[in-house]
Protein chains: 2
Amino acid sequence: MIDAAGLRVMKAIADEGSFTAAATSLGFTQPAISQMVRRLEQRTGTALVERLGRNVRLTEAGEVLARHAVTVLAALDAAEEEVAAIAGLRSGRVRLMAFPSSSASLVPKALALLKRRFPEVSVRFSEGEPPESLAALRAGDCDLAVAFAYEGTDVGRGEDLDAFVIRPLMEDEVRLAMPPDHPQAGQSVVNLADVSQDSWIAGCPRCRGHLVSLAQGAGFSPNVAFETEDYVAVLGLVRAGLGVALVPDLILEAAHEDGIVARPLMPPSRRQIHAVTTEDLQRVPAVAATLEALEESARSRTKTLVRR
Amino acid sequence: MIDAAGLRVMKAIADEGSFTAAATSLGFTQPAISQMVRRLEQRTGTALVERLGRNVRLTEAGEVLARHAVTVLAALDAAEEEVAAIAGLRSGRVRLMAFPSSSASLVPKALALLKRRFPEVSVRFSEGEPPESLAALRAGDCDLAVAFAYEGTDVGRGEDLDAFVIRPLMEDEVRLAMPPDHPQAGQSVVNLADVSQDSWIAGCPRCRGHLVSLAQGAGFSPNVAFETEDYVAVLGLVRAGLGVALVPDLILEAAHEDGIVARPLMPPSRRQIHAVTTEDLQRVPAVAATLEALEESARSRTKTLVRR
DNA sequence: GCCGATCATAACGTCCGGTTATCGCACCGC
DNA sequence: GCGGTGCGATAACCGGACGTTATGATCGGC
């Protein structure tokens, strides 16, 4: 029945003292004010202004509206400013979920970039392997996921991925990690068949799956001596000479490489790293900005890789 | 940019959990909500809802709007309720100004009526002779004036009375007041010429003007021995035998009449009592109600008069 | 695998709320 | 007094916001 525009008009009249002045102060023409007041008067059923000669003055009811206008307009402005801050990246929040090995360098670099550009945007970051992160995305508990897929597979297996927006970030080459005294340590590239008899250290379940699948391609079934989700432990075990392992470049870059030799495979194997979100969340500025920061972080890292 | 309707929609979505439910809760159809949200999203420049399968959930910005909606809508409701109370006579104020002799019975009776009907309406009452009350009305310091005019004259002399709304309330007959032992006390009506030699007690300036004018019509110039604004004093002086006076019925009714004889004049003289307000103020419910109460009070008093 | 529920979209109508143009009128200065 | 100036009211008009109905696309459950 009564709306913010009406209140704004009443307040302008109260402040300016005349319809004409109120009109110019609001950027309207005078008849607009005249009509607005008339509408308000017939809606409320009482006179709101008193025409005294050529001036107008508010009646009691008019004063009431003008008084409340301050409250309402302030609240409206506050709301508007708050969403404008979110839209303008002067505020806002993004919930990011990334798989563990990405948190070593890709994600921190991206978050540093984001923080530098938009210091007020707050990030809630948690780790999670692709299945969990996609589930969180679907459940609305997460805005943006960093996930990976080994070449030839999809990010979410079994998930209907067309509900998501998937942006490729970078490729991560998988290498064979071994102790320096390993027979293959001297080669520049390693053929998997040449290490078919070694003991293996396996990483996360999906990584183990990948290892098995690659080995199968090379005609053997790997002898997995140790299994751990923790890649620092994987490297430690390799360093201690307990076996060899397939380790993505991303991990090697972040960890100590002393006592480890890592060589590309022949044929090469890579995993694709993606940022995943939804159509809607992509339109949330903080999410878009984070996505962009991730892409930049990925690009800059690619250069580093090339330099290596 | 952002208005109450938008906030209402966001709040409904937050409360109901779906567009459809929000629509029915607001009495709209579902597409109306869809479009409203879309408009809001493109105005604010950020996603406000997240479509998850068949349900929707608010984004951070959406939550912000829904949260502020409570404040804004409450303030709007409060404003609306407050003017509705004024319009519905559950609140409000009327500033009444009446000439002194009306405050004896006409006005009190009207105010009692008003109070009985609309106990919450507050009345600010002050006394003032017509010139002042009309000036107050014009200055916006008063909403309703009770004024009088002797027959053949206007309420405001020199005032542009078409700026006002003038409603006749009642006629007030002017009588000659004299002590019981006065030679004319035995007559049922008195001819002014018969008291041309008496000493006169005059009331307010306008009343004195009326006396002079009436006497002039009867061919004499009155010998005014005393002059006072206070009609109680006038009657006292008459009672004490210091002269005769022209006294309106309204006064006689309110004062002690002991020791006084009051007789109609021949030809009769009356003053007209009016309620005066402005076009705008007439549309203020409290003013209209007071006006009506005055009219009823006047009507009931006329009956009393007739009975006398 | 179909069905029901939900949101999106298209096409459309209406009315709100602005505009321009003009009038009426109060005040003011000659 | 009498015209000019400024303000509010009114009329006519117009566009867009914001509803509607009808229909399509999808998700999720039985």
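Note that the structure is predicted; figures quoted are calculated from it, not measured. Below, chain A is the first sequence line, B the second, and so on; all start at residue 1.
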Looking at every strand, decide which applies to A:Arg39 at a 4.0 Å heavy-atom threshold: base, sugar-phosphate, or nothing. base
Could you state the atom-to-atom distance from CE of B:Met36 to P of C:dC7 in whole Å? 17 Å
Crowding at CD, A:Glu63 (>12 non-hydrogen neighbours, <6.0 Å): yes
I need the CZ-P distance between B:Phe19 and C:dT6, as an integer number of Å. 13 Å
Ion pair check, B:Glu81 and B:Arg90, cut-off under 4.0 Å: yes
Taken to the nearest whole Å, CG/B:Leu48 to P/C:dC7 is 15 Å
Sugar-phosphate, base or nothing in reach of B:Ser18, heavy atoms under 4.0 Å: sugar-phosphate
Inspect the surroundings of CZ in B:Arg39 and state if more than 12 heavy atoms from other residues, nucleotides or ligands are less than 6.0 Å away. yes
Between C:dT19, D:dG19, C:dT9, spot the one nearest the side chain of B:Pro31, thanks. C:dT9
Which nucleotide, D:dG8, C:dA8, C:dG17, lies nearest any side-chain atom of A:Asp3? C:dG17
Can a donor-acceptor pair under 3.5 Å be found between the side-chain atoms of B:Gln35 and the base atoms of C:dA8? no
Keeping the roles fixed (side chain from B:Glu60, backbone from A:Arg93), state whether a donor-acceptor pair exists under 3.5 Å. yes
Euclidean distance, atom CD of residue B:Glu50 to atom P of C:dT6 [Å, nearest integer]: 19 Å
Using whole Å, what does the distance between atom C1' of nucleotide C:dA5 and atom CG of B:Leu52 come to? 16 Å
Nearest-nucleotide wise, let me know which of B:Asn55 and A:Thr29 is further upstream toward the 5' end of DNA chain C. B:Asn55
Counting the atoms with a prime plus P, OP1 and OP2 as sugar-phosphate, which does B:Thr20 contact under 4.0 Å by heavy atoms, base, sugar-phosphate, or nothing? sugar-phosphate
Quick check on the helix from C:dG1-D:dC30 to C:dC30-D:dG1: what's the angle between its two end axes, five base pairs per end, to the nearest 10°? 20°
Between P on C:dC16 and CE on A:Met1, what's the gap in Å once rounded to a whole number? 14 Å
A:Glu279 CD to D:dC27 C1', straight-line distance once rounded to whole Å: 16 Å
Does any donor atom in the side chain of A:Thr278 or A:Gln282 lie under 3.5 Å from an acceptor atom in the other side chain? no
Between B:Arg271 and B:Glu171, does any NZ, NE, NH1 or NH2 come within less than 4.0 Å of an OD or OE carboxylate oxygen? no
In terms of the nearest nucleotide of DNA chain D, which residue is placed more toward the 5' end: B:Phe28 or A:Val49? A:Val49
If the cut-off is 4.0 Å, is A:Arg38 near the phosphate of D:dG8, judged by side-chain N/O to OP1 or OP2? no
Find the distance A:Glu16:CD to D:dG6:P and express it as a whole number of Å. 18 Å
Out of C:dG17, D:dT10, C:dT9, whichever nucleotide has its closest atom nearest the side chain of B:Ser34: C:dT9
Report which part of the nucleic acid A:Arg43 touches: base, sugar-phosphate, or nothing (heavy-atom distance under 4.0 Å, all strands). sugar-phosphate
May I ask you to test the A:Val70-A:Lys11 pair for a side-chain heavy-atom distance under 4.5 Å? yes
If you measure only the distance, is there a donor-acceptor pair under 3.5 Å linking the side chains of B:Ser133 and B:Glu129? no
